[in-house]
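Notes to accompany the following structure.
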Amino acid sequence: MGLSPVDKLVSATKPSHQETIPNNINPTPASAGSFNPHCPHGLAKTQNAISTGLKVASAKDNGAIWAIANKMTSDVVAYDRVRESTDRAASILDTGIAAGESIMELLNEMKSKALAATQTGISTSSLAALAADFAQLRDQVTSIGANAVFDGANMIAGTPNNAVALGDSAGGNTITVNGASLALGGATVTVTATSALTDATAASTALGLVNDSINNLGTQLATWGAGAKRLEVHRTFIGKLQDALNNGIGAIADADLSKESAKLQALQAKQQLGVQALSIANTSPGSALSLFR
């Protein structure tokens with residue numbers, strides 16, 4: 001008895017004993033990377049941005065931006081040294097000012113002693129007491145001058161040091177506040193080491209020297225006060241400049257972590273979908289062919 005037309009069709013579609021139907025149209029499944037060659041690179045770049053906090057972490061990421069950010073970072077570090085230099089200069093100057101103010105107090109007391117000694121008819125014992133006090137105050141000026149030292153610098157010594165601060169990150173300029181000798185018998189403190197209140201005439205001479213010293217020292221302290229203000233302004237400016245540089249570095253080199261996190265999640269989801277799509281693509285042909293076995 002012959003085969004019906006349906007039986008003939010089924011028989012024709014069945015494989016012979018010599019044929020092997022593959023159960024997978026793609027014997028070696030492709031990876032998500034081959035499905036989307038850009039995904040692994042983008043994923044690694046985003047992960048690096050999140051881990052480092054930088055969107056430009058090396059010259060390979062963006063050479064021009066990296067070079068700019070590196071120069072700005074170098075300047076920020078250099079300005080730390082400028083600030084330290086300014087602090088040192090300010091401390092030297094503060095020491096000099098403190099010493100000058102102490103000497104001014106001594107001169108004011110010396111003035112009262114010398115003035116009292118110029119009185120007509122003052123007793124010998126009173127004059128001797130005033131003279132002793134005057135001498136002690138005078139010698140204390142020398143003691144203050146010897147001890148007004150900060151980090152090896154003395155702005156009021158016989159040969160005074162200057163307070164010098166770096167002016168910029170390149171070291172191209174400086175801010176200098178000149179020292180001034182406050183030693184006895186100098187241009188500022190004109191009272192000499194031998195000034196004494198031996199009698200009314202000597203007292204009058206000493207009084208004149210003390211008055212000159214007070215005027216000179218007042219002018220010098222005013223100059224130093226202005227210098228201290230300048231150093232303070234400079235230090236404040238350096239701090240603001242560093243803040244501006246850090247903000248600039250952040251703007252061009254720092255990663256937006258919220259944005260990068262969202263991007264990472266999207267890339268990971270995309271990669272997972274790619275793997276699933278390949279898995280379906282690799283298994284579906286085998287499922288279809290199994291119907292004809």
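Please read all numbers here as calculations on a predicted model, not as lab measurements.
- Within the 4.5 Å cutoff, side-chain heavy atoms of Leu184 are placed close to those of Thr142.
- Residues Glu109 and Leu137 approach most closely at CB-CD1, 3.7 Å, considering heavy atoms.
- The cluster map of Ile, Leu, Val, Met, Phe, Trp and Tyr, joined by side-chain heavy atoms under 4.5 Å apart, puts Leu241 and Leu166 in the same cluster.
- Side chains of Val76 and Ile249 form a contact here, defined as non-hydrogen atoms less than 4.5 Å apart.
- In terms of heavy-atom proximity, Phe134 sits nearest to Ala114 at CE1-CB, 4.2 Å.
- With sequence neighbours excluded, the residues that form a side chain to side chain contact (heavy atoms under 4.5 Å, CB included) with Arg230 are Ile175.
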TODO: Could you walk me through whether Arg81 and Glu84 pass salt bridge (Lys or Arg N to Asp or Glu O under 4.0 Å), step by step?
DONE: CA-CA 5 Å; Arg81 308 291 82 79; Glu84 291 168 0; 2.8 Å; yes

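- Taking 4.5 Å as the limit, every side-chain heavy atom of Thr95 sits out of range of all side-chain heavy atoms of Met155.
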Task: Evaluation steps, salt bridge (Lys or Arg N to Asp or Glu O under 4.0 Å), between Arg83 and Asp80 - done: CA-CA 5 Å; Arg83 189 176 65 252; Asp80 283 336; 3.1 Å; yes

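- Contact between Ala153 and Arg88 at its shortest, heavy atoms only, is CB-NH2, 4.5 Å.
- Met110 contributes atom CE, which lies 9.0 Å from atom CG of Leu209 (distance to the nearest 0.5 angstrom).
- Residues Ile156 and Ile103 meet the side-chain proximity criterion, which asks for heavy atoms closer than 4.5 Å.
- Thr190 and Ser213 share a donor-acceptor pair across their side chains, judged by distance under 3.5 Å alone.
- Within the 4.5 Å cutoff, side-chain heavy atoms of Leu106 are placed close to those of Ile144.
- Side-chain atoms of Ser91 come within 3.5 Å of backbone atoms of Asp87 as a donor-acceptor pair (strictly under, hydrogens ignored).
- Side-chain atoms of Val233 and Lys229, non-hydrogen and from C-beta on, do get closer than 4.5 Å to each other.
- In this structure, CG in Asn178 is found 4.5 Å from CG in Asn162, a value given to the nearest 0.5 Å.
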- [ ] Take Thr219 and Trp224 through the test side-chain contact (heavy atoms from CB on, under 4.5 Å) and record every step on the way to the result.
- [x] CA-CA 9 Å; Thr219 300; Trp224 283 343; over 6 Å; no

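- Checked by atom type, the side-chain pair Ser195/Thr192 shows a donor-acceptor distance below 3.5 Å.
- Remark: side-chain polar atoms of Ser181 are paired, donor with acceptor, to backbone N or O of Ala183 under 3.5 angstrom.
- Looking at Tyr79 and Leu245, their side chains come closer than 4.5 Å, going by heavy atoms from C-beta outward.
- Minimum interatomic distance between Gly227 and Val177 (heavy atoms only, all atoms of both residues): CA-CG2, 3.9 Å.
- Of all the heavy atoms in Gly171 and Asp168, the pair that sits closest is N-OD1, 2.7 Å.
- Checked by atom type and distance alone, the side chain of Asn161 pairs as donor or acceptor with a backbone atom of Asn154 at under 3.5 Å.
- Leu197 and Ala206 make their closest contact through CD2-CB, 3.9 Å (heavy atoms, listed as atom of the first residue, atom of the second, distance).
- Linking ILVMFWY residues whenever their side-chain heavy atoms come closer than 4.5 Å, directly or via other members, leaves Ile238 and Ile92 in distinct clusters.
- Between His234 and Val82, some side-chain heavy-atom pair lies under the 4.5 Å cut-off.
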